[in-house]
There are 2 protein chains.
Amino acid sequence: MRWESVGETTCSVARALSVVGERWTMLILREAFLGRRRFDEFQARTGVARNILSARLRALVRNGIFERIENAPPGDHVQYWLTAKGLDLYPILVAMLRWGDKWMACEGGPPVELVHRECGYKTRPTLVCSHCGSKIDARTTTPVIRAIPAQRRGGASKARTRLNPPRRSE
Amino acid sequence: MRWESVGETTCSVARALSVVGERWTMLILREAFLGRRRFDEFQARTGVARNILSARLRALVRNGIFERIENAPPGDHVQYWLTAKGLDLYPILVAMLRWGDKWMACEGGPPVELVHRECGYKTRPTLVCSHCGSKIDARTTTPVIRAIPAQRRGGASKARTRLNPPRRSE
DNA sequence: TTTTATAGTTGCATTTCGAAACCGTGGGCG
DNA sequence: CGCCCACGGTTTCGAAATGCAACTATAAAA
C-alpha cells in the first residue's frame with residue numbers, strides 16, 4: 001500500500017494523517033501557531049528545505065489548513081493564515097507538546113509553556129471525558145467499531161483478535 | 001536540515017515527532033491501541049510494507065514505545081506491547097481521531113467511537129485547562145517561550161515577528 | 001516428511017528528500 | 001536609468017527512503 005492512499009481509508013486517524021502526517025508538516029504548523037505567516041520564517045524556524053516547504057504549504061492550502069494571502073500588509077508579502085480547520089489542529093500539537101515535555105524532556109524544563117488567557121494561569125491541557133469530565137487515558141477508554149473497515153484479507157476465522165484496549169501489568 | 005536531527009531540538013513537539021513522526025508509525029500505534037500485538041496483524045491492518053513495518057517496530061522498541069516479547073502465550077508468538085511511555089501517546093491519537101471525525105468525516109458518521117469505562121458513556125475527549133477546567137483552543141491560549149531555542153540565523157533585528165497566537169477574523 | 005504459520009530479511013525499481021543554485025518580481029536608491 | 005537586495009519560490013541532481021515481491025529461518029502441525 002502506498003502512503004498516498006491512507007487518506008482513502010474510513011479511519012479518521014488515517015485521514016488526519018493524510019493531511020498532517022508528512023514530515024515537517026507539524027513543525028510548520030507549530031510555527032503557524034506561534035504566529036509565523038511567511039515562507040522565509042517557516043523555512044528559517046523549522047530548517048526544512050525550501051522545495052519541501054513549498055510542497056507542504058501547497059498541500060496544506062489545498063487541504064484547507066492554510067489560506068494563502070498575497071499582497072498582505074505590511075510589506076505586501078505572501079502570508080499563510082490558519083483557517084478554522086487549521087486552528088482546530090491545535091489539540092494534536094498540544095498533545096505532542098505534552099508528551100514531549102513528559103517523556104523527552106530537556107534539561108531545565110520545557111522550553112515552551114502555555115498560558116490560558118481566559119483564566120490567566122499557566123496550563124497543562126488535559127484530555128477529559130466529554131460526559132463525566134474526568135481524565136481520559138488508554139486504560140479507561142474502549143474503542144467501539146461502528147462500520148466494518150474493509151478487511152484486507154478474509155482470514156477472520158479463529159485467529160480473530162479481540163478488540164480490547166491494552167492493559168499492561170505495570 | 002535532515003529529518004533525523006529534529007529530535008535534537010529543544011522543542012518538545014519536534015522531539016515527539018522524532019519518535020512518532022515517521023510515516024506509518026501512528027497507524028501502527030492505532031492498531032496497538034486497538035489491541036493488536038503481532039507483526040502480521042500490524043501488517044495486514046495498516047497495509048504497510050513488511051520491511052518498513054520491521055524498521056518502524058525496531059525504532060519504536062528502541063525508543064521505549066513498545067516492548068518486544070518473544071515466546072509469548074498463546075502460541076509462543078512475538079508480541080509488541082505498549083509501554084507506559086507508549087500508552088501515554090493516546091492523547092495524540094485521540095486528538096487526530098477527533099479532528100478527522102470533524103473535518104474529514106466519512107458518510108455515515110465516524111467509524112470508531114470511544115466509550116469511557118469509568119462512566120460508561122460514549123465520550124468525545126476534549127482538551128481542557130488544567131487550572132480552570134474550561135475548554136482550550138488555539139485562540140484562548142498563549143505560548144510562552146522559556147529557553148531561547150537556538151536561533152538559526154542572527155536576523156532578529158527589526159523583522160522580528162511577534163509571538164502572538166493567531167486570530168482570524170472569521 | 002511435508003505443509004503451514006509467524007516474523008522477519010533481501011533485492012531492486014520507484015519515489016521522495018535535501019542542499020544548493022537559480023529565477024522572477026518588486027522596491028529602494030544613487 | 002541601472003544596480004542591488006528581499007521575498008517567494010522553482011530547478012537540478014545525488015542520496016536516502018519507500019514499496020513490492022520473493023526469499024529465509026524456525027517451530028509446530030498434519
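Order of the sequence lines fixes the chain letters, A, B, ..., with proteins taken first and strands second; residue numbering starts at 1 for each chain. All of these numbers come straight from a predicted model, not from anything done at the bench.
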Exercise for review: Before giving the answer on side chain to side chain contact (heavy atoms under 4.5 Å, CB included), spell out for Val78(B) and Ile69(B) the whole-Å C-alpha distance, their side-chain angles and the decisive distance to 0.1 Å.
Suggested key: CA-CA 6 Å; Val78(B) 176; Ile69(B) 297 175; over 6 Å; no
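The distance between atom CG of Leu57(A) and atom P of dG8(D), rounded to the nearest whole Å, is 10 Å. Rounding to whole angstrom units, CD of residue Glu4(B) and P of dA17(D) are separated by 8 Å. Between Ile52(B) atom CD1 and dT10(C) atom C1' there is a gap of 13 Å when expressed in whole angstrom units. Between Arg2(B) atom CZ and dA15(D) atom C1' there is a gap of 11 Å when expressed in whole angstrom units. When the C1' atom of dG8(C) is taken as reference, atom CZ of Phe42(B) falls 14 Å away, rounded to whole Å. Glu22(B) places its CD atom 11 Å from the C1' atom of dT18(D), with the value rounded to the nearest Å. At whole-Å resolution of the value, CZ in Arg37(B) and P in dT6(C) are 16 Å apart. Protein atom CG of Leu53(A) is 16 Å distant from nucleotide atom C1' of dT16(C), rounded to whole Å.
Of all nucleotides listed (dT9(C), dG18(C), dC7(D)), dT9(C) comes nearest to the side chain of Ser54(B). Candidate nucleotides dC20(D), dA7(C), dC17(C) were compared by shortest atom distance to the side chain of Met1(A), and dC20(D) ranks first. When distances run from any side-chain atom of Arg23(B) to the nucleotides dG18(C), dC7(D), dT18(D), the shortest one goes to dT18(D). For Val78(A), whose side chain is taken as the heavy atoms from C-beta onward, the closest listed nucleotide among dC7(D), dT18(D), dG9(D) is dG9(D). The side chain of Arg38(A) has dG8(D) as its nearest neighbour among dA19(C), dG19(D), dG8(D). Set against dT6(C), dG8(D), dG8(C), the side chain of Asp40(B) has dT6(C) as its closest nucleotide. Minimum atom distance to the side chain of Arg56(B) is reached by dT18(D), of the listed dT9(C), dT18(D), dT10(D).
For Asn51(A) and dG18(C), a side-chain-to-base donor-acceptor distance below 3.5 Å is present, hydrogens and geometry of angles not being considered.
Close to dG9(D), at under 4.0 Å from its OP1 or OP2, lies a side-chain N or O of Tyr80(A). Contact annotation: Trp24(A) does not reach the phosphate of dC17(C) (side-chain N/O to OP1 or OP2, under 4.0 Å). Residue Arg68(B) places at least one side-chain N or O closer than 4.0 Å to OP1 or OP2 of dG8(C).
Applying the under-4.5 Å side-chain rule to Ile, Leu, Val, Met, Phe, Trp and Tyr, the cluster around Val115(A) extends to Val144(B).
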Identify all side-chain donor-acceptor contacts of residues 90-100 of chain B below 3.5 Å with residues at least two apart in sequence or on another chain.
residue, atom, partner, partner atom, Å
Arg98(B), NE, Pro125(B), O, 2.9
Trp99(B), NE1, Lys85(A), O, 3.1

Which pairs of donor and acceptor atoms, one on a side chain in residues 18-26 of chain B, lie under 3.5 Å apart (sequence neighbours left out)?
residue, atom, partner, partner atom, Å
Ser18(B), OG, Arg15(B), O, 2.6
Thr25(B), OG1, Glu22(B), O, 3.4

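Hydrophobic clustering (ILVMFWY, side-chain heavy atoms < 4.5 Å, transitive): Val128(A) and Leu89(B) are in distinct clusters.
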Practice item. Summarise protein proximity over nucleotides 22-30 of chain D in one line of letters, 5' to 3': B for base, S for sugar-phosphate only, - for none, counting protein heavy atoms closer than 4.0 Å. Key: ---------
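Overall, the helix from dT1(C)-dA30(D) to dG30(C)-dC1(D) carries an axis bend of 10° between its ends, with five pairs at each end and the value rounded to 10°.
The backbone N or O of Glu8(B) lies less than 3.5 Å from no partner atom in the side chain of Ser5(B), so there is not a single donor-acceptor pair.
In this structure, SG in Cys11(B) is found 11.5 Å from CE in Met104(A), a value given to the nearest 0.5 Å.
Partners of Asp137(B) under the side-chain hydrogen bond (donor to acceptor under 3.5 Å, both in side chains) rule, at least two apart in sequence or in another chain, are Thr140(B).
The shortest heavy-atom contact between Pro111(A) and Thr10(B) is CG-O, 2.8 Å.
Both Trp3(B) and His77(B) sit near DNA chain C, but only His77(B) has its closest nucleotide nearer the 5' end.
For Arg36(B) and Glu31(B), the salt-bridge test passes: some basic side-chain N is under 4.0 Å from an acidic carboxylate O.
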